[in-house]
Every structure is written in structure tokens, then in C-alpha cells.
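For reference, the structure is listed below as C-alpha cells.
Positions are given from 1 along the sequence.
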Amino acid sequence: EPNHFNALLKAGEVQVAKGKYAEGIEFHQRARQVRPEDTRPLYALASDYAIQGDLDKAKAILQRMIEIRPRHAVSAYRRLRALFMREGDWARALEVHNRIERLTEKGVAQSPKDAQTGIGIRYQLAMRQLTEDKPKVALNLFQRIIKEDPKFIPAYIRVGEIMREIGDDHEAAAV
């Protein structure tokens, strides 16, 4: 059965695991043709391209999945967020993370890791703002992190450093 859907998916996974990305992608594309309404081949293709290092194609496939079913694409959003994080594009990662939060507020099951991931993204974005000499923007981000997670010590340290740099030694010591 050359068009057996599950066999095509598995054959693609095996080829990718063996490092034969082109063959794996071909099997997953064939599975997509057999069942165009099924998202599993798209997830497989996005993974194939990401493993291969072609993050632009992986992101394009995930974006297409989100366009098809925007209110039911939490998993696609999470994978897209991970790709932006992998690239160090913290602003885009935060944008996608905020979409995930909005979807989870509407009753979609929220991952316990999502809140921690959001804090990590905001922390990295704040650190980037510090390196770009934007301490006030960074300060706001660090303070939001503290509000979300009062036990996140690195944010307190950075707030104290920023306060010391702007000359507020008393507040730096308090933080």
C-alpha cells in the first residue's frame, strides 16, 4: 500500500532518524497528500526542517498550521515559540508566548511550563535591553517578572544592579 498514511508517517520518521532528511521529508509530504486535513504530517515536516536546521521552512509550516486552525493551534504556537527562542529572537518569542497565554485563558489546557517559559523569555529580552543600553525598558521587564514570580532571584539581582547604576543606592540595597 504505497499510500498507507501511518506507514508513510513512520517511514518518514525512520528516514529522518537515520539522517536522511530529504527522504523523510518526501514521505511526510506524501502523507500530507493522502490526508490533507490531518495535521500530523505538518508537525512532522516542521520537525524535519527544524532538525535539518532549516528553521525558516519549519516556521513557515507552523505558521500555515496556525492560519488553518488559529484557536486550536496551541501546540503549533509552542513549537514556533521554541524556534524563535532557539534563534534568540526574544521579541518574537514573547509575541507568540502572549498568543499562547490568550488561548489558554479561553479554556485550552495550559502547560505548567508555559508560565516559566514566559518568565525566561522576558528575562532574556530584558537582558538584551540591558546590552542595548535601555535600562528603563529592562527594569520594567524585570519588575514584571518579579510580579509574576516573586521567587525568581535573578530578576531581583538585575533590578538592584540597575538601581545602583542610576544612582539609587538605597533602593538597590532594598531590592
Requested in this report: Could you tell me the separation between the CG atom of Asn6 and the CD atom of Glu1, rounded to the nearest 0.5 Å?
Outcome: 10.5 Å
Report task. Supply the atom-to-atom distance Ile119 CD1 to Lys147 NZ, rounded to the nearest 0.5 angstrom. Result -> 13.0 Å
Spell out, yes or no, whether [X] and [Y] are grouped together once hydrophobic residues are joined by side-chain heavy atoms under 4.5 Å, including indirect joins.
X: Leu83; Y: Leu42; answer: yes
X: Leu103; Y: Phe84; answer: yes
X: Ile100; Y: Ile68; answer: yes
X: Val137; Y: Ile166; answer: no

Show which side-chain atoms of residues 156-165 pair as donor or acceptor with protein atoms under 3.5 Å away, not counting sequence neighbours.
unit_1: Tyr156; atom_1: OH; unit_2: Pro150; atom_2: O; d: 2.9
unit_1: Arg158; atom_1: NE; unit_2: Tyr123; atom_2: OH; d: 3.2
unit_1: Arg158; atom_1: NH1; unit_2: Glu161; atom_2: OE1; d: 3.0

Closest non-hydrogen atom pair, [X] against [Y]:
X: Ala91; Y: Leu125; result: N-CD1, 3.9 Å
X: Met85; Y: Ala93; result: CG-CB, 3.8 Å
X: Ile146; Y: Ala155; result: CG1-CB, 3.7 Å
X: Val96; Y: Tyr77; result: CG1-O, 3.2 Å

Do [X] and [Y] come within less than 4.5 Å of each other through their side chains, counting heavy atoms only?
X: Pro135; Y: Gln129; result: no
X: Phe152; Y: Gln116; result: no
X: Glu95; Y: Arg81; result: no
X: Thr39; Y: Tyr43; result: yes
X: Arg78; Y: Leu80; result: no
X: Gln143; Y: Leu139; result: yes

Do any side-chain atoms of residues 58-66 form donor-acceptor pairs under 3.5 angstrom with protein atoms, and if so which ones, sequence neighbours left out?
unit_1: Lys59; atom_1: NZ; unit_2: Glu87; atom_2: OE1; d: 2.8
unit_1: Lys59; atom_1: NZ; unit_2: Glu87; atom_2: OE2; d: 3.1

Requested in this report: Sorted by first residue and then second, give each salt bridge (Lys or Arg N to Asp or Glu O under 4.0 Å) pair with at least one member in residues 8-28; sequence neighbours left out.
Outcome: Lys10-Glu13
Report task. Scan for salt bridge (Lys or Arg N to Asp or Glu O under 4.0 Å) pairs involving residues 35-46, sequence neighbours excluded, and state none if there are none. Result -> Arg35-Asp38, Asp38-Arg40
Query raised in the report: Are a donor atom and an acceptor atom from the side chains of Ser47 and Arg79 found within less than 3.5 Å of each other?
Result: yes
Requested in this report: Output the rest of the hydrophobic cluster of Leu8: all Ile, Leu, Val, Met, Phe, Trp and Tyr residues reachable through side-chain heavy-atom contacts under 4.5 Å, sorted by chain and number.
Outcome: Phe5, Leu9, Phe27, Val34
**Report entry** Charged N-O contact under 4.0 Å between Asp89 and Arg128
**Finding:** no
Would you mind writing out the side-chain donor-acceptor pairs for residues 48-55 within the sub-3.5 Å range, not counting sequence neighbours?
unit_1: Asp48; atom_1: OD2; unit_2: His28; atom_2: ND1; d: 2.5
unit_1: Asp54; atom_1: OD1; unit_2: Lys57; atom_2: N; d: 3.3

